[in-house]
Every structure is written in structure tokens, then in C-alpha cells.
Peer 1: 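This structure is in C-alpha cells; I'll ask about it shortly.
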Amino acid sequence: MKRYILTFIVIVLYFGGLNSVRELGDLAIVKAVSIDLNDEGKYEISAIIIDTKEKENKDKGLLISSVGNSVHEAARNMVDVSSKKLYIAHMESLIISEKIAREDLENTLDFFIRDNEGSNSFFLFIAKDAKAKECLEKINEEEIDLVPFLKSTQKYKGNANIKSLNDVVKILLEKGRSLCVNTISLEDNIKINNMAYFKNYEMIGYLSENESITYNLVINEVDNILESVGEENSLVIVEIVEPKTKVNVKDCNVNIDVKGVAHITQTGKNITLDNIQEKENIEIMINNKIRDEIYSLFDNKRKEEVDIFGIGNLLYRKKNILYNNENYLNNINLLVNVDIDIVNTGGIKKAW
Amino acid sequence: MVVESEKIYTVSVVMIISSCLLATFFGIGSYMMYNESFQDAFVASAIGAVISCIFFYFFYYIFEHNTYNSIFELNSNIFGKVFGAIINLVIILALVIITCAILFNLSSFLNLEYLPDSKTNMLEAILLLTLSYVCSKNISQILKVNQIFVFICLLNIILNVVGLFPKFEIRNIEPLFNAPKISILKSIGIYVILSFVSYFMLLIVNKKMVQDKDILKKRMIISLLFSNIVLIGIIFLAIILLGKEYIALFRFPEYVGLKQFGLFNMVERIENILSLQLYYNAFSLLMFLIYFIKSYLPNNKLAKFYPFIITFFIYFITNFLFEDTMSFIMLVEKYYAYVILIGLMTPVLLIFIKMHFFTKLPK
């Protein structure tokens with residue numbers, strides 16, 4: 001009898017631990033989430049959940065929405081429409097509205113950082129000129145997989161980067177560094193647009209396409225970028241492959257060194273490429289153009305007191321006394337050195 | 001309450017250090033150090049490891065010259081019945097509090113990361129039930145369980161480093177020595193005090209039972225060195241993985257870091273398996289702590305029920321001391337180091353002084 005009682009106690013105790021068990025069928029597996037702040041100041045959450053019943057349209061999920069006073073409350077209210085609790089462990093992307101990015105980024109992200117289920121390795125986007133929900137609807141309708149889309153944009157265009165939420169939060173918390181986040185816009189179709197930039201915890205504005213590429217070039221987040229110099233018959237287009245950037249600081253001088261190799265992919269009629277001098281002239285023009293773009297981006301953002309390249313963070317890490325100065329950006333002497341070598345002129349021997 | 005017929009090998013003995021050292025820092029020690037000195041925590045731990053050698057010497061002196069079956073017997077004999085009993089009581093009290101803290105820490109970790117819908121005290125009950133069963137066995141079997149855990153943990157740590165390697169950013173340790181000097185000193189103190197638990201646990205082993213005693217000292221030092229290197233390595237890697245701002249956000253940063261694990265873009269999101277090492281180490285330490293408390297009690301008819309009685313009381317004391325996670329963190333931050341300092345380190349120092357200066361030791 002004693003043995004049975006003991007066995008019973010053991011079973012009760014051990015199976016009590018299975019309170020947290022959840023069957024696969026009971027999970028609303030989330031692929032992407034959008035969050036908007038409506039006019040009443042309430043959070044409107046929409047989510048694409050993987051439809052485990054549908055067998056034909058595998059990429060198309062179910063789009064469900066709910067409203068709440070907080071992100072968590074809105075997420076919980078999802079049970080009103082789906083009867084299942086959201087499971088965000090496999091979430092790939094989070095789209096937030098511009099209003100949230102400007103006013104309430106910290107509180108919104110807090111839910112995801114605190115949640116133990118998620119890995120925070122998903123990508124954050126800001127919906128530009130559209131509601132986040134509208135973007136999500138389009139993504140679901142067109143069955144767009146945002147992650148490969150983002151990776152292609154980063155790899156071949158350079159105006160986006162592939163920083164996960166973990167990285168975004170780290171940058172947000174770091175001293176002397178402004179955050180830039182990918183944006184998504186709804187034109188005829190979904191487009192991964194130029195980056196949005198932040199000051200402290202608030203979004204300030206958007207970078208242009210060139211500025212986005214330049215920013216990613218300086219923070220070493222580009223694989224390939226296209227650069228063009230000259231016009232019409234003197235036009236030269238080069239593809240810079242895997243450029244590497246180093247940022248060093250010494251006293252008030254900040255050196256940005258960009259190095260890389262380039263391939264000529266298109267030229268105008270006047271470009272003959274039959275002598276070294278011409279190639280070197282093109283290299284000088286490209287180097288100057290990139291250098292000017294870096295200077296221009298830095299100066300533009302310095303006016304807004306935005307430390308776009310995280311120079312303050314570098315000063316802080318190197319214990320540079322300049323960091324203690326509130327207006328350290330104004331005291332910085334930026335020196336940019338760009339060294340791009342053209343190593344390949346394409347498969348054509350001479351101009352035709 | 002020690003049976004001398006059991007055979008114990010030095011390898012099993014010295015492995016106590018590694019599991020206990022890692023367990024004392026998981027969720028408590030590392031949390032305190034990260035919050036105190038941020039990226040300088042690994043420097044503080046390295047300095048702390050060097051300083052802790054002094055205390056290891058005190059401990060080893062007692063371990064080597066103890067001719068009695070346990071530290072409790074030793075105390076009663078060298079300090080007399082009354083003062084010896086007081087010291088023994090202080091040690092037992094400290095051990096009970098440490099057990100409760102480790103138990104609550106482990107169950108809150110399980111609750112937070114594995115079983116969010118289960119109650120913490122239910123998890124405590126399950127853990128204690130298993131522990132009471134393990135502790136009802138003899139010391140050689142307990143050491144074998146620990147030995148298996150240590151090997152699993154070692155493999156796990158190697159796998160973790162490989163899978164997280166691309167995510168490490170060495171710049172995260174900059175700026176070094178940025179924390180206030182007092183904070184670094186506090187961190188060093190935390191390391192020295194908390195690491196003391198790991199080798200104090202060696203006292204559960206009766207030296208007479210160890211088979212290859214002549215190499216015990218050498219292996220102990222190697223184990224201590226290796227365990228400290230592993231612990232400092234873990235602290236360092238956690239800092240360069242998460243960065244000082246991010247690491248301070250989390251209660252169990254090691255677990256959060258494991259979420260970033262990835263092998264060949266294929267093996268991902270296996271943090272629950274990888275973090276089993278954290279669980280195993282804490283379980284081993286709890287095993288030793290309960291066995292230590294058990295060894296204090298007299299050997300009589302009730303002896304076989306001791307583990308169940310001890311765990312029964314530990315359960316209630318834990319729930320009495322720590323109402324929730326917040327109160328646990330506050331109490332641990334304020335008093336945990338003092339409990340070890342007063343309850344374990346001070347008695348060891350007193351014993352050392354008494355044995356070294358006032359007692360004639362048999363040659």
C-alpha cells in the first residue's frame with residue numbers, strides 16, 4: 001500500500017510539471033507581426049499565422065488582428081479571433097508604424113525582449129508612408145517572404161542591413177551611437193526602402209538611398225554596391241565587391257578608411273580603357289565620390305546632433321576625453337580615406 | 001554518518017569543484033558581478049581566482065590534516081563541545097540558506113525559461129524529490145552522478161563556444177577598467193567568496209575513503225585551475241557576446257546568449273538543450289549541499305529518511321525566505337555573500353588558526 005501511495009505522489013508531482021505543455025495544434029505559429037498605434041492611443045497588432053490546416057497555399061498564412069492598451073494585451077486579445085495563443089518563437093519579422101518609431105519604440109520592444117519564447121533574432125522594419133497593418137496584409141496577400149527579400153536587398157543594393165532585434169536593441173542601448181532601422185513601404189508592391197535614423201530612442205527621419213548605402217558601407221554591412229561616375233558618354237559604372245571599412249580615433253581625429261576592389265560593369269562611348277592613366281582617373285573619381293558621400297552624410301547628421309557612425313561610442317570605448325564633451329560631434333575632425341582598386345574591366349577588350 | 005567501506009577515486013572527488021564553481025555563479029554570482037562591474041567582470045573574476053588561492057590553501061590545510069570523519073567531528077574535537085557545536089550550527093545554517101538560494105534560483109530559471117506556466121514551488125518539489133532520492137545513496141554513487149554531469153557539461157560548453165563563435169565581438173570588452181574601482185573590488189570580493197563554496201564542498205568526502213590519495217593534491221589544484229579558467233572564460237564570452245549594456249538587462253544572460261547559437265545555418269534554437277549544463281551544475285551542487293547537511297546528523301535508525309526530512313524542511317524554508325523573484329534577487333544581492341563569508345569562510349579560518357597555531361597535529 002505504501003508503495004502505491006508513494007508512486008501516486010511521485011506521479012502527481014512529476015506530471016504537475018507538464019502544466020506548460022502545448023500541443024502543436026494549439027499553437028498559432030507567428031510568421032510576422034505588425035504594430036500600429038491608433039488614434040485612441042491603443043496598440044493594434046496584426047499577425048500572419050501559419051495555417052496548419054491549409055495544405056495548398058503553404059506560404060499564405062492567416063492574418064488576424066486585435067487591439068489593446070498594451071502590446072501584450074493586444075497580443076492576448078488575439079484569442080478572440082483565433083482561439084489560439086500566439087507563439088512567437090519562429091517569428092521572422094516585426095513591422096512597426098512610423099508613429100511608434102517616433103514616440104514609443106522602447107515600450108513596444110520591451111514586450112519582445114522580455115518574452116522568454118522568442119529568440120529576438122527576427123528583423124525589425126518601420127512602415128514608411130503606410131500603416132504597418134497594410135504592409136502586412138500586402139505581404140500575406142502576395143505571399144512575400146520578407147527575410148530572403150531583405151537579404152537580397154542588403155547583398156545586391158546595400159540600402160538595408162540584416163541586423164536582428166538583438167543587434168538593434170544593443171545599438172539602442174549603446175552610448176554615443178544612433179540607431180538606423182530598415183523601412184518597408186507600400187507602393188504598387190512591397191518595397192524595402194531606405195533606412196530610418198534615430199536620436200536617443202526616437203526616430204528623427206529617413207536617410208536617402210545614397211545615404212543608406214553610405215551608412216551601411218561605413219558600418220561594414222554591405223556586400224556589393226554600385227557606383228557611377230561621369231555622365232552619358234563618359235559614364236562609368238563599377239561594382240564594388242565586399243568593401244571593408246575601418247574607423248579609428250586618435251585625439252580629435254577620426255579616420256574612416258574604406259578599402260575594396262571594383263569591377264567595371266558599364267562604360268560610355270568616350271571611355272576607352274586602353275591606358276592605365278584612364279583607369280587611375282576613374283579610381284580617383286570613384287574614391288572622391290565615396291569620400292564626399294561619407295563627409296556629406298556625417299555633416300548633415302552632425303547638424304541634427306545625430307551620431308550616425310557611432311563615433312561617440314568609439315570615443316567612449318577608447319576612453320577619449322572628448323566624449324565627455326556634450327558637443328563632441330562639433331569638435332571632431334573627420335578624415336576619410338577611400339582606396340578602391342579597379343581590378344576587372346569586364347569581358348570587353350576595348351570600347352565598341 | 002559516513003560509511004568507510006565505500007571506495008572513492010580522486011577524479012570523482014576533484015570534479016566536485018568544477019560543477020560547484022559553475023553552479024554558484026549561474027544566475028547569482030555572475031548576475032551580481034555583471035551588475036556591479038559590467039565588462040570588467042571578467043577582469044575581476046581573473047583577479048578573484050588568483051586571490052581565492054589563498055583561501056584554498058586554508059581549506060586544503062584543514063582537508064589534509066583532518067583525521068576525523070567529517071568537519072563537524074573535527075570542530076567538536078578541536079573547539080570543545082559547546083564552541084564546536086556553535087560553529088557546526090553556523091555552518092549548517094549557512095548550508096541550508098545556500099541550498100535554499102540555489103534551489104530557488106534553479107526553479108525560477110526552469111520556470112522562466114522552460115516551464116512558464118508551472119508554479120515555482122511545484123518545480124522545487126520535483127527537484128527536491130529527485131534530490132532526496134539521489135542523496136539517499138552513498139557518496140560514491142553521488143560522485144558518479146556528478147562525474148557524468150561534468151562530462152556532459154564540458155561537451156556542451158565546447159559546442160556552445162563553436163556555435164556562438166561568429167557572434168563574438170571582442171570590442172564589447174572596451175572600455176576596460178571603466179567601472180569604478182570600488183565596484184571592481186566588490187566584484188573581486190564576490191568571486192572570492194562565492195568560489196569558496198566550490199572547494200568547501202570537497203569536505204563531504206572522507207579522505208580515508210579516497211583510493212589514490214597521493215595524487216589528490218595535484219589533481220585538486222589542476223581541477224581548481226581548470227574550473228576557474230572555464231568560469232572566467234564563460235564570463236568573458238558572455239560579455240563579448242552580449243555587450244555590457246545588453247548583459248545587464250537579463251537575469252540569466254548565459255541562457256539569452258545561447259538563443260543566438262547557430263551551426264551552419266541549420267542547427268538553431270536549441271538553447272533549451274544547450275542550457276542543460278546550467279541545470280546539471282546546479283543540480284550537482286544541490287546534491288552535495290543536501291548530502292553535506294545529511295552528514296551532520298547522527299547515524300541512527302532514522303538515517304535512511306534523512307534526505308527526505310531535509311528536503312521537506314528545505315522546501316518550506318525556501319518558500320518562507322523567498323516569496324518571489326524580486327525578493328530573492330534583493331535578498332541575494334544584500335546577504336548571500338555575507339552568508340558564505342560568515343557561515344563557511346569564517347569557520348574555516350578559525351579552524352585553520354586553531355589547527356595551525358594551537359593544536360599539535362599527528363605526524
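Throughout, protein chains are lettered first and strands after them, A, B, ... in sequence-line order, and every chain is numbered starting at 1. Small disclaimer: the values here were computed from a predicted structure and weren't measured.
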Peer 1: Using a 4.5 Å heavy-atom cutoff, which residues in residues 320-328 of chain B come close to chain A?
Peer 2: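 Residues in range: none.
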Peer 1: With a 4.5 angstrom heavy-atom cut-off, is it the side chain or the backbone of B:Asn172 that approaches chain A, or both, or neither?
Peer 2: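 For B:Asn172, backbone and side chain are both near chain A.
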Peer 1: Ignoring hydrogens and geometry beyond distance, is a side-chain donor-acceptor pair present between A:Asp110 and A:Asn107 at under 3.5 Å?
Peer 2: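 Per modelled atom types, A:Asp110 and A:Asn107 side chains form no pair under 3.5 Å.
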Peer 1: Find the one option among B:Leu110, B:Ile173, B:Val256, B:Leu112 whose heavy-atom pairs under 4.5 Å with chain A are most numerous.
Peer 2: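 Ranked by contacts with chain A, first place is B:Leu112.
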Peer 1: Taking only residues at least two apart or on different chains, which pairs with a member in residues 234-263 of chain B satisfy salt bridge (charged side-chain N to carboxylate O under 4.0 Å, His left out)?
Peer 2: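 Of all non-adjacent pairs touching residues 234-263 of chain B, none passes salt bridge (charged side-chain N to carboxylate O under 4.0 Å, His left out).
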Peer 1: If I measure from the heavy atoms of chain B, does A:Asn313 come under 4.5 Å with its side chain, its backbone, both, or neither?
Peer 2: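 For A:Asn313, the side chain is the part near chain B, not the backbone.
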Peer 1: Do the side-chain N and O atoms of A:Asp223 and A:Tyr156 include a donor-acceptor pair separated by under 3.5 angstrom?
Peer 2: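 No, because no side-chain N or O of A:Asp223 sits under 3.5 Å from a partner of the opposite role on A:Tyr156.
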Peer 1: Indicate whether any N or O donor in one side chain lies under 3.5 Å from an N or O acceptor in the other, for B:Asn111 and B:Ser108.
Peer 2: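 On atom types as modelled, these side chains do not qualify, holding no pair under 3.5 Å.
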Peer 1: Side chain from CB out, backbone as N, CA, C, O: work out which of these in B:Phe177 comes under 4.5 Å of a heavy atom of chain A, or both, or neither.
Peer 2: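 Backbone plus side chain of B:Phe177, per the 4.5 Å heavy-atom cut-off to chain A.
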Peer 1: On a heavy-atom basis, which atom in A:Phe198 and which in A:Met203 lie closest, and how many Å separate them?
Peer 2: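 Heavy atoms only, the tightest pair is CD2-N, 3.3 Å.
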Peer 1: At a heavy-atom separation under 4.5 Å, does B:Glu268 approach chain A through its side chain, its backbone, both, or neither?
Peer 2: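 Answer is neither: B:Glu268 stays 4.5 Å or more from chain A.
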Peer 1: How are the rings of B:Tyr255 and B:Tyr114 set relative to one another: parallel (under 30°), tilted (30 to 60°) or perpendicular (over 60°)?
Peer 2: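 Ring orientation, 0 to 90° scale: tilted.
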Peer 1: Give me the ring orientation class for B:Phe312 and B:Phe316: parallel if the planes are under 30° apart, tilted from 30 to 60°, perpendicular past 60°.
Peer 2: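 The arrangement is perpendicular - the two ring planes meet at more than 60°.
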Peer 1: Is it the backbone or the side chain of B:Leu176 that comes under 4.5 Å from a heavy atom of chain A, or both, or neither?
Peer 2: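 Answer is backbone: N, CA, C or O of B:Leu176 sit under 4.5 Å from chain A.
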Peer 1: Among residues 147-155 of chain A, which residues come closer than 4.5 Å to chain B, judged by heavy atom distances?
Peer 2: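 Near chain B, by residue number: none.
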Peer 1: Would the number of heavy atoms belonging to other residues, nucleotides or ligands and lying under 6.0 Å from CD of B:Glu169 be above 12?
Peer 2: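 Yes, enclosed.
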Peer 1: Around atom CD1 of B:Ile182, are there more than 12 heavy atoms of other residues, nucleotides or ligands at under 6.0 Å?
Peer 2: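 No, the 6.0 Å shell around CD1 holds no more than 12 heavy atoms from other groups.
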Peer 1: Can you classify the ring geometry of A:Phe111 versus A:His72 as parallel (below 30°), tilted (30 to 60°) or perpendicular (above 60°)?
Peer 2: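 Judged by the thresholds at 30° and 60°, the geometry between A:Phe111 and A:His72 is tilted.
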Peer 1: Which bit of A:Leu172 is near chain B, if near means a heavy-atom gap under 4.5 Å: side chain, backbone, both or neither?
Peer 2: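 Looking at A:Leu172, nothing touches chain B.
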Peer 1: In terms of side-chain heavy atoms, does A:Asn216 have a donor or acceptor partner in A:Asn161 at a distance below 3.5 Å?
Peer 2: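 Their side chains do contain a donor-acceptor pair, which is all the 3.5 Å distance test asks for.
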Peer 1: Show every salt bridge (charged side-chain N to carboxylate O under 4.0 Å, His left out) that has at least one partner inside residues 169-178 of chain A, sequence neighbours left out.
Peer 2: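 Qualifying pairs, neighbours excluded: A:Glu174-A:Arg177, A:Glu174-A:Arg317, A:Glu174-B:Arg171.
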Peer 1: Please check if any side-chain donor atom of B:Asn156 sits under 3.5 Å from a side-chain acceptor atom of B:Tyr280, or the reverse.
Peer 2: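 No, because no side-chain N or O of B:Asn156 sits under 3.5 Å from a partner of the opposite role on B:Tyr280.
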